[in-house]
Amino acid sequence: MHASTSGTLTATPLGDARIISSDDFDFGPLPGRPEGRTTLATPVSPAAGATHVTLHVVRVAAGESFSPEASLEEENTAVVFSGVGTATVGSRTHRVGRGDAVYAPTGRYLSLTADGAGLTVYVWRTPLAAGRRTGTDPEPFSSLWDETTQLRGFGGTGQMAPDADRATMNFVFWPGNGSSQLCLHCGIQQPGQTFNVHLHPDSDEAFIAFEGIGQMYLRDRWIDVSAGDVLYAAPGVLHGARNPHTGPDARRFVTCGGPSPYDPALYSAAGLSSDVR
C-alpha cells in the first residue's frame with residue numbers, strides 16, 4: 001500500500017525558534033488516505049514559518065508504506081526512531097531499524113515500508129535551491145553511529161568555557177558523501193559533554209533528541225528535552241545541545257538533524273571541504 005502527503009497537516013507557528021515536545025505532536029491521517037492506518041505529524045514546515053525545511057514524524061503502520069509526494073523534486077533524509085522495515089531510494093532497497101538513516105537526492109524516489117511492528121521515522125524535506133547540483137554518487141544508506149567523518153572540539157560562538165568537555169558530531173550525510181543541500185549530523189553528548197552553542201547565518205536548523213535526556217540551547221537559555229523532541233531555529237538563532245548529567249547512572253544524550261541548506265562552516269571547522277562529491 002502506498003501513501004503520500006504534502007506535509008501541511010500541522011502548522012503551529014514556529015516564530016524564529018521553538019522546541020516542540022513529542023507529547024505535542026498532532027498526528028492525523030495522510031491526506032487523501034483517511035482509510036490508512038499510517039499517521040503523520042509535521043512539527044516544522046514552511047506553512048508554520050520555517051524558511052527552508054519541512055520535518056515530518058511518520059508512524060508507518062505494519063504492511064503500509066510512506067513517501068513524500070514531492071520526493072522526486074526535492075531532497076529527503078530520514079532517520080528510523082523505532083521499528084523495523086525497508087527503505088527504497090530509486091532502484092536500491094535496504095533493511096532499516098532504529099538509528100538507520102536514509103538519503104534520497106533530487107530525482108530519486110524515497111519510500112519507507114514497515115514490518116509487523118510498524119515504523120516511526122523522522123523525515124526532513126527541502127527543494128533543491130537554484131544553482132545547486134546533485135551529487136555524482138550520493139550515499140543513500142548509513143547510520144547515526146557511522147564514525148567515518150567527525151567534528152571534534154567544536155568552538156561555537158564562545159558561550160562555553162575553553163576547558164569544557166566538548167561533544168563529537170558524526171557527519172552522516174554531508175557534501176563529502178554526495179548530499180547537495182540537506183545534511184544529517186549526529187551529536188554524541190556523553191555525560192557532562194556539550195556541543196557548543198552556534199548559529200547558521202543562512203540555514204534553518206531542525207534537529208531532534210534521538211536518545212536519552214539532555215538539554216537544548218535556544219536563543220539564550222538551556223531547555224530540558226527527552227527523546228523524540230524537536231528543535232527549530234531560524235537563520236541567525238543561537239542553538240546547541242548538552243548532557244548535563246554525570247555520575248554512575250548517567251547515559252549519553254544523542255541528537256540528530258542538521259542545517260538546511262548545509263552550513264560550510266561546520267565542515268571547515270573539521271578541516272573538510274564542502275564541495276559536493
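In what follows, every heavy atom counts, from backbone to side chain, and hydrogens, waters and symmetry copies are set aside.
When hydrophobic clusters are built by joining Ile, Leu, Val, Met, Phe, Trp and Tyr residues whose side-chain heavy atoms come closer than 4.5 Å, directly or via intermediates, Val89 is not grouped with Val276. Ile20 and Ile208 fall within the same hydrophobic cluster, where Ile, Leu, Val, Met, Phe, Trp and Tyr residues are linked whenever their side-chain heavy atoms come under 4.5 Å apart, directly or through other members. Linking Ile, Leu, Val, Met, Phe, Trp and Tyr whenever their side-chain heavy atoms come within less than 4.5 Å leaves Phe173 and Phe171 in two separate clusters. The hydrophobic clustering, which links ILVMFWY residues whose side-chain heavy atoms are closer than 4.5 Å, places Tyr109 and Leu128 apart. The hydrophobic cluster containing Met169 does not contain Val254, counting ILVMFWY residues as joined when their side-chain heavy atoms lie under 4.5 angstrom apart, directly or transitively.
Counting all heavy atoms, side chain and backbone alike, Thr54 lies closest to Pro46 at OG1-CD, 3.1 Å. Between Ala41 and Phe25, the shortest heavy-atom distance links the atoms CB-CB, 3.9 Å. Heavy atoms only, all atoms of each residue included: Arg37 and Ala62 are closest at NH2-O, 2.8 Å. Nearest approach of Ser226 to Ala209, heavy atoms of both residues: O-CB, 3.3 Å. When all heavy atoms of Gly85 and Leu119 are compared, the pair lying nearest together is N-CD1, 3.9 Å. Across Trp145 and Cys186, no two heavy atoms sit closer than the pair CZ3-SG, 4.2 Å.
Interatomic distance, Ser274 OG to Leu272 CG, rounded to the nearest 0.5 Å: 9.5 Å. Note: Ser67 OG to Leu112 CG = 7.5 Å, rounded to the nearest 0.5 Å. To the nearest 0.5 Å, the span separating NE2 on His185 from OG1 on Thr255 amounts to 11.0 Å. Atom CG of Leu184 sits about 8.0 Å away from atom OG of Ser142, to the nearest 0.5 Å. One distance of note links OG1 of Thr77 with CH2 of Trp124; it measures 5.5 Å at 0.5 Å rounding. Rounding to the nearest 0.5 Å places CG of Leu151 at 10.5 Å from CZ of Arg166.
In this structure, Arg59 contributes its side chain and Leu40 its backbone to no donor-acceptor pair below 3.5 Å. A donor-acceptor pair is defined here as one N or O able to donate and one able to accept, closer than 3.5 Å; such a pair exists between the side chain of Ser180 and the backbone of Arg133. Although no hydrogens or angles enter the test, the distance criterion places no donor-acceptor pair under 3.5 Å between the side chain of Thr194 and the main chain of Asn196. For Thr157 (side chain) and Val197 (main-chain N/O), a donor-acceptor pair under 3.5 Å exists by modelled atom type. Glu64 places no side-chain N or O within donor-acceptor distance of the main-chain N or O of Gly36, the cut-off being under 3.5 Å. A donor-acceptor pair is defined here as one N or O able to donate and one able to accept, closer than 3.5 Å; such a pair exists between the side chain of Thr126 and the backbone of His52. Remark: the backbone N or O of Pro29 is not paired with any side-chain donor or acceptor of Thr39 at under 3.5 angstrom. Side chain of Gln181 to backbone of Ala129: a donor-acceptor contact under 3.5 angstrom is found. When atom types are taken as modelled, the side chain of Trp222 and the backbone of Ala241 share no donor-acceptor pair closer than 3.5 angstrom. Although no hydrogens or angles enter the test, the distance criterion places no donor-acceptor pair under 3.5 Å between the side chain of Tyr122 and the main chain of Gly257.
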- Kindly determine whether Gln193 and Asn243 satisfy side-chain hydrogen bond (donor to acceptor under 3.5 Å, both in side chains), including the steps that lead there. CA-CA 5 Å; Gln193 289 187 337; Asn243 185 347; over 6 Å; no
- Show your reasoning for whether side chain to side chain contact (heavy atoms under 4.5 Å, CB included) applies to Asp100 and Val79. CA-CA 6 Å; Asp100 285 333; Val79 172; over 6 Å; no
- Message: Evaluate Tyr103 against Leu110 for side chain to side chain contact (heavy atoms under 4.5 Å, CB included), listing each step before the verdict.
- Response: CA-CA 8 Å; Tyr103 170 68; Leu110 170 67; over 6 Å; no
- Task: Test side chain to side chain contact (heavy atoms under 4.5 Å, CB included) on Val44 and Leu14 and set out the steps.
- Result: CA-CA 7 Å; Val44 176; Leu14 294 166; 4.0 Å; yes
- Applying side chain to side chain contact (heavy atoms under 4.5 Å, CB included), run through Phe210 and Leu144 and close with a yes or a no. CA-CA 10 Å; Phe210 180 81; Leu144 296 183; 3.8 Å; yes
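Residues Ser71 and Arg108 fail the side-chain proximity criterion, which asks for heavy atoms closer than 4.5 Å. For the pair Val57 and Thr120, the minimum side-chain heavy-atom distance is below 4.5 Å. At a threshold of 4.5 Å between non-hydrogen side-chain atoms, the residues Leu55 and Val230 count as touching. With a 4.5 Å cut-off on side-chain heavy atoms, Pro259 and Cys183 count as touching. The shortest side-chain heavy-atom distance between Asp16 and Arg219 falls under the 4.5 Å cut-off.
Two rings, from Tyr267 and Trp174, have their centers less than 6.0 Å apart.
Of the N and O atoms on the side chains of Thr88 and Ser111, not one donor lies less than 3.5 Å from an acceptor on the other residue. Between the side chains of Asp263 and Ser203, no donor-acceptor pair is found at a separation under 3.5 Å. Checking Asp204 against Thr51 by side-chain atom types alone, a donor-acceptor pair falls below 3.5 Å. Between the side chains of Glu75 and Thr106, no donor-acceptor pair of N or O atoms lies under 3.5 Å. Arg95 and Thr86 form a side-chain donor-acceptor contact under 3.5 Å, judged by distance and modelled atom types alone.
Around the CD1 atom of Ile213, the shell of radius 6.0 Å holds no more than 12 heavy atoms that belong to other residues, nucleotides or ligands.
For the pair Arg98 and Phe81, the distance from NZ or CZ to the six-membered ring centre is under 6.0 Å and the angle to the ring normal is within 45 degrees. Note that Arg132 lies in the cation-pi zone of Tyr262, set by a 6.0 Å cut-off to the ring centre and a 45° limit from the axis. By the 6.0 Å and 45° rule, Arg242 does not stack over the aromatic ring of Tyr217.
For Gln150, the side chain to side chain contact (heavy atoms under 4.5 Å, CB included) criterion is met by Glu147, Arg152, Thr168, Asn170, not counting sequence neighbours. The side chain to side chain contact (heavy atoms under 4.5 Å, CB included) search around Ser21 returns Asp23, Asp24, Asp229, not counting sequence neighbours. Under the salt bridge (Lys or Arg N to Asp or Glu O under 4.0 Å) criterion, Arg252 pairs with Glu211, not counting sequence neighbours. Residues that satisfy the side chain to side chain contact (heavy atoms under 4.5 Å, CB included) test with Pro13, not counting sequence neighbours, are absent from this structure. For His198, the side chain to side chain contact (heavy atoms under 4.5 Å, CB included) criterion is met by Phe154, Phe195, His200, Glu205, His239, not counting sequence neighbours.
The other residues sharing a hydrophobic cluster with Met216 are Ile19, Phe207, Leu218, Ile223, Val225, Leu231, Val237, Phe253, where clustering joins ILVMFWY side chains under 4.5 Å apart.
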